[in-house]
Amino acid sequence: MSIQKTAFITGITGQDGAYLAKLLLEKGYHVAGLVRRTSQSSHMAQRLEWLGIADSVELIDGDLGDISSLVRILQRLAPREVYNLAAQSFVATSWHQPILTANTTALGVVNVLEAIRMVAPESRFYQASSSEMYGLIQEPMQNELTPFYPRSPYAVAKLYGHWITVNYRESFGLHASSGILFNHESPLRGLEFVTRKVSDGVARIKLGMAGELRLGNIDAKRDWGHARDYVQAMWMMLQQEKADDYVIATGRTTTVRDMCRIAFAHVGLDMNAHVVVDPKLFRPAEVEVLLGSPAKAKEKFGWTPKTSLEDLITEMVDADMARLKPSSF
């Protein structure tokens, strides 16, 4: 009889954490996740509930800023795999709360790594790096060797987390990998992110609950995939004999404008009649284009994205339509 594997996920109540938890449960893992108690704690498991797994995961109080809590958790769980997905993850907020972003998104990573080094050095570690680290792109298509040029406090913090993961792998021999994930979305995405802002806005306009959708730079280009596909890559990285860093992307870039066109067309509306470009929503330093090459991940462990942008956007719009219809309350 085999011993059940345990996985520990920080950020388990976020989009990626919820999809990853579902994947790991389906693979027979015991899944535990870190949660920080707040005044909104009664709502923290909404994504897990939406996926039907809230009662199947173990939620443990702790904080990335409190290494003692991380040490105690790792001592008790002795997890085979640790996935660090927790962060202050909204780019726009990072200009207004740069210190909070640094403490969570940067220093939180080294706290987890140090706790692993101290009490669970056999655990395999995954760090959620970000395509935002490329920022002012140095190559038309970004891969693992493309130089970084972060353009926001969030991206700078992510870059620290990325390099400290490399350093702990090389300094202490930890099985520590980073996934440089390009934009990945789903119906579980927060409303502050542009894709969900669009899908929610389209649903509200279609249902007669709103008349316009205000957006910033709709000519910015992003490489968008589905979070459900991307968490599969996270797991696959930690099954490799040797730890490494991988770009996870679709290899296709699309403007926010075209993404809006897909969403509005799905419900039979013309985006030009409803989208308002608001200069106040532009970033202080814009990342104009992101386009990732997933060639290494495909070569090393056979990962390829399964969901097209069109299918992703229509799934999100349909989910928001279902949420907002009066019968859903």
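Computed from heavy atoms alone, side chains included, the values below leave out hydrogens, waters and symmetry copies.
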To the nearest 0.5 Å, atom CG of Leu85 lies from atom CD of Gln127 at 8.5 Å
Grouping I, L, V, M, F, W and Y whenever their side-chain heavy atoms are under 4.5 Å apart, do Trp235 and Phe301 come out in a common cluster?
yes
In chain order, what residues pass the side-chain hydrogen bond (donor to acceptor under 3.5 Å, both in side chains) check against Thr195, with sequence neighbours excluded?
Glu185
Residue list, side-chain hydrogen bond (donor to acceptor under 3.5 Å, both in side chains) with Gln97, at least two apart or on another chain
none
Other residues, nucleotides, ligands: >12 heavy atoms within 6.0 Å of Lys298 NZ
no
Ile262 and side chain to side chain contact (heavy atoms under 4.5 Å, CB included): which single residue from Val198, Ile313, Asp311, Val317 fits?
Ile313
Which pair of non-hydrogen atoms, one from Asp320 and one from Ser199, has the smallest distance, and what is that distance?
OD2-OG, 2.7 Å
Heavy-atom nearest pair, Ala18 first then Leu188, reads CB-CD1, 4.1 Å
For residues Ala87 and Thr105, report the shortest heavy-atom separation together with the two atoms involved.
CB-OG1, 3.6 Å
If Ile, Leu, Val, Met, Phe, Trp and Tyr residues are connected whenever their side-chain heavy atoms lie under 4.5 Å apart, and connections chain through other members, are Ile164 and Leu107 in the same group?
yes
Quick one: pull up CD in Gln142 and CZ in Phe182 and give me the separation to the nearest 0.5 Å.
4.5 Å
With a cut-off of under 6.0 Å to the ring centre and 45° to the axis, is Arg196 in cation-pi contact with Phe193?
no
Could you list the residues that satisfy side-chain hydrogen bond (donor to acceptor under 3.5 Å, both in side chains) with Glu114, not counting sequence neighbours?
Arg117, Tyr168
Listed by chain and number, what are the ring-ring contact (aromatic ring centres under 6.0 Å, His included) partners of Phe125, not counting sequence neighbours?
none
Nearest-0.5 Å distance, CG of residue Asp223 to CE of residue Met141:
7.5 Å
Ring-plane angle category for His184 and Tyr230, please: parallel below 30°, perpendicular beyond 60°, tilted otherwise.
parallel
Taken to the nearest 0.5 Å, the spacing of Gln239 CD from Met237 CE works out to 11.5 Å
How about Asp270: does its CG atom have over 12 heavy atoms from other parts shown lying under 6.0 Å from it?
yes
Residue set satisfying side-chain hydrogen bond (donor to acceptor under 3.5 Å, both in side chains) with Thr146, at least two apart, ordered chain then number -> Glu139, Asn143
Linking I/L/V/M/F/W/Y whenever any side-chain heavy atoms sit under 4.5 Å apart, do Leu238 and Leu174 land together?
no
Show the nearest heavy-atom pair for residues Val202 and Ala263, with the distance to one decimal.
CG1-O, 3.6 Å
Sequence-distant partners of Glu122, salt bridge (Lys or Arg N to Asp or Glu O under 4.0 Å), two or more places apart:
none
When rounded to the nearest 0.5 angstrom, what distance separates CG in Leu312 from OG1 in Thr314?
8.0 Å
Given 3.5 Å as the limit, does a donor-acceptor pair link the side chain of Arg80 with the main chain of Lys5, or not?
no
Nearest non-hydrogen partners of Pro147 and Tyr134, listed with the distance
O-CD2, 3.9 Å
Other residues, nucleotides, ligands: >12 heavy atoms within 6.0 Å of Lys197 NZ:
yes
Could you tell me whether a side-chain N or O of Thr13 sits under 3.5 Å from a main-chain N or O of Ala45, the two making a donor and an acceptor?
no
Nearest-0.5 Å distance that lies between atom CG in Asp63 and atom CG in Leu34
7.0 Å
Please name the pair of heavy atoms, one in Ser123 and one in Val82, separated by the smallest distance, quoted to 0.1 Å.
CB-CG2, 4.2 Å
